[in-house]
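Reckoned from all heavy atoms, side chains included, excluding hydrogens, waters and symmetry mates. We name chains A, B, ... by the order of the sequence lines, and we start the count at 1 in each one.
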Protein chains: 2
Amino acid sequence: MAHTSSTHWVRELTLERTAISGSSTAARVAGVLRNYVTEGRLLPGTRLSEEDLGEALGVSRNTLREAFRLLTHERLLVHRFHRGVFVRTLAVEDVRDLYGFRRVVECSSLRRAAQAPAGALDRVRAAVEEGEAAARRSAWPEVGTANMHFHQAIVGLAGSVRLDDAASHVLAEQRLVFHVMAAPRAFHEAYLAENRHICDLLFDGRAEEAAAALERYLDEAERQLVEALTADG
Amino acid sequence: MAHTSSTHWVRELTLERTAISGSSTAARVAGVLRNYVTEGRLLPGTRLSEEDLGEALGVSRNTLREAFRLLTHERLLVHRFHRGVFVRTLAVEDVRDLYGFRRVVECSSLRRAAQAPAGALDRVRAAVEEGEAAARRSAWPEVGTANMHFHQAIVGLAGSVRLDDAASHVLAEQRLVFHVMAAPRAFHEAYLAENRHICDLLFDGRAEEAAAALERYLDEAERQLVEALTADG
DNA sequence: ATTGAAGAATTGTTGAACAACTTTTAGGGT
DNA sequence: ACCCTAAAAGTTGTTCAACAATTCTTCAAT
């Protein structure tokens with residue numbers, strides 16, 4: 001029966017009903033689900049029942065399906081015809097693919113920093129400082145968030161909203177796989193100094209060196225994640 | 001009245017009904033509409049009425065809205081709350097944005113050609129030859145298609161399906177603006193030799209020179225399109 | 001011309017219904 | 001026990017009809 005298969009997170013969603021009332025119901029539903037997925041409360045592989053979720057969130061199946069469609073296109077959910085939607089499970093090849101994307105986009109954006117639009121460079125530094133401040137407060141989830149902002153700001157140097165958009169989807173998807181790291185604190189903490197280093201090179205006008213540093217950075221992060229995935233996978 | 005406002009393309013769509021019957025109705029509807037948009041039969045700014053289109057294609061409003069959602073996310077349509085969906089109209093800043101994306105992604109992919117996956121290089125050459133063959137037959141629309149394949153193949157050198165995906169959306173969106181060119185034949189024809197040149201450099205292992213050539217190529221194409229847009233805009 | 005309000009038309013969302021498909025369950029045969 | 005098949009149950013795919021919310025149109029008054 002549908003109702004007995006409800007696990008804890010389905011009931012939790014009922015609390016989010018208050019946050020759903022304004023314009024574009026489907027978009028807000030997608031927002032709520034996106035938070036649940038990226039924060040790791042909805043684990044990869046979980047099936048999202050239309051009936052259960054619709055009841056929990058207080059929206060109709062049609063509206064819920066529109067929200068699913070949005071998140072499927074962001075690659076946070078996968079849709080199997082006549083089988084339902086599931087929280088995406090990233091395989092090793094997906095991790096390689098993600099870093100392939102990031103190597104191309106982020107390193108190339110760094111190299112073009114000289115033509116960056118006004119304010120873009122400052123956003124990079126702001127993200128670095130945001131991370132350092134969060135680390136001083138030992139707020140490790142926020143360190144992770146600041147790290148995302150850092151990489152998003154790097155892409156922003158290219159000055160293309162379409163590129164920003166694609167990168168934000170990739171970075172959101174990336175969070176699906178961070179949860180496999182046993183020690184997220186150590187994982188994120190190690191990159192604080194690296195971010196600062198790249199930022200300093202950038203403000204020194206040494207874009208090529210910054211790009212090279214970022215490339216090593218991405219190689220190392222990919223290696224660690226692949227190792228963690230193959231260990232338990 | 002809804003029915004009297006139907007223009008020619010709405011009735012044409014009725015012929016496409018035969019192509020709509022299999023799995024995932026919404027996806028096939030989206031495919032039909034995508035063709036209409038990228039081929040220029042549906043001009044930018046056109047409003048897509050849910051009632052008219054649903055009747056013309058023989059699908060319900062809900063299914064049609066799912067198709068709209070798909071194409072909106074591909075940026076071929078824009079969705080204005082409570083106002084409907086429209087074929088996207090590209091402004092000058094959109095063209096700059098598109099080329100900003102392409103400069104980062106395509107040039108960077110070219111530079112990494114040495115690490116390209118097996119077969120990726122051959123696909124670049126195949127696209128060049130496809131264009132040359134189409135030109136010999138004076139099949140100009142197909143020259144345009146082959147040109148898209150060429151750029152898609154360049155992105156494929158990076159070996160990331162996510163990058164391929166983002167690029168295919170950008171290239172599809174690009175077709176929205178090609179229709180403003182008064183002489184599409186001359187526009188596409190000029191780039192045949194350029195494509196061949198870049199391809200030869202690539203197979204010579206001179207990736208850096210190829211990337212530089214492509215960058216000039218993109219600069220010039222952007223300049224021409226911006227000029228065409230500001231002329232009549 | 002401009003403004004404002006009534007009316008028409010369109011989109012946003014819901015709920016129910018049925019078809020299509022998948023998964024589960026239950027039996028039979030070996 | 002094991003494997004295969006068929007019925008049953010459950011879920012998704014799609015349509016339809018209705019109403020609420022919002023925008024667009026019309027038109028009179030100033």
Student: To the side chain of A:R61, which of C:dT13, C:dT14, C:dA17 is closest?
Tutor: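 Of the candidates, C:dA17 comes closest.
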Student: Classify the angle between the aromatic ring planes of A:H169 and B:H73 as parallel (below 30°), tilted (30 to 60°) or perpendicular (above 60°).
Tutor: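 Correct class here is parallel.
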Student: Considering only side-chain heavy atoms of B:R65, which listed nucleotide, D:dT23, D:dT11, C:dT13, is closest?
Tutor: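 Looking only at side-chain atoms, B:R65 lies closest to C:dT13.
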Student: Using whole Å, what does the distance between atom C1' of nucleotide C:dT13 and atom CD of A:E66 come to?
Tutor: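 Going from CD in A:E66 over to C1' in C:dT13 covers 9 Å.
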Student: Considering all heavy atoms of both residues, which atom of A:T89 and which atom of A:G45 are nearest to each other, and what is their separation?
Tutor: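 What the structure gives for the nearest pair is OG1-N, 3.3 Å.
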Student: Distance check needed: D:dG13 P versus A:F68 CZ, whole Å only.
Tutor: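 Roughly 10 Å, once rounded to whole Å.
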Student: Picking from C:dG12, D:dG13, D:dT11, which would you name as closest to the side chain of B:H79?
Tutor: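 The answer is C:dG12, which lies nearest to the side chain.
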Student: Whole angstrom is fine here: how far is it from CZ in A:R83 over to P in C:dT23?
Tutor: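 Interatomic distance, CZ of A:R83 to P of C:dT23: 5 Å.
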Student: Without decimals, in angstroms, what is the distance between B:E50 CD and D:dA17 P?
Tutor: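 My rounded result for the distance is 16 Å.
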Student: Measure NE2/A:H82 against P/C:dT22 and give the value in whole Å, please.
Tutor: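 Nearest whole value for this atom pair: 7 Å.
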Student: Would you say B:S60 places a side-chain N or O within less than 4.0 Å of OP1 or OP2 belonging to D:dC16?
Tutor: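 No, no such contact exists.
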Student: Identify the residue among B:E50, B:E66, B:E55 that makes a side chain to side chain donor-acceptor pair (under 3.5 Å) with B:R61.
Tutor: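 Output: one option passes, namely B:E50.
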Student: Side chain of B:T63 only, please: which of D:dT12, C:dG12, D:dT15 is the nearest?
Tutor: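 Nearest to the side chain of B:T63 among the choices is D:dT15.
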Student: What integer distance in Å separates B:R47:CZ from D:dC24:C1'?
Tutor: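 For the pair B:R47 CZ and D:dC24 C1', the rounded distance is 10 Å.
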Student: With DNA chain D as reference, determine whether A:V85 or B:L64 sits nearer its 5' end, using the nearest nucleotide of each.
Tutor: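 The answer here is A:V85.
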Student: Think A:R80 has a side-chain N or O under 4.0 angstrom from the OP1 or OP2 of D:dT12?
Tutor: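 Looking at the OP1 and OP2 atoms of D:dT12, neither is under 4.0 Å from any side-chain N or O of A:R80.
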Student: Using whole Å, what does the distance between atom C1' of nucleotide C:dT11 and atom CZ of B:R69 come to?
Tutor: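 Result: 11 Å.
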Student: Closer than 3.5 angstrom, by distance alone: can the side chain of A:S108 be matched with the main-chain N or O of A:V105 as a donor-acceptor pair?
Tutor: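 Not confirmed, A:S108 side chain does not pair with A:V105 backbone.
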Student: Report the C-alpha distance between B:Y191 and B:H151 in whole Å, list the side-chain angles of each, state the deciding distance to 0.1 Å, and finish with yes or no for ring pair (Phe, Tyr, Trp, His ring centres under 6.0 Å).
Tutor: CA-CA 12 Å; B:Y191 295 111; B:H151 291 282; 8.3 Å; no
Student: Between D:dT11 atom C1' and A:L48 atom CG, what is the distance in whole Å?
Tutor: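 Checked: the CG to C1' distance equals 14 Å.
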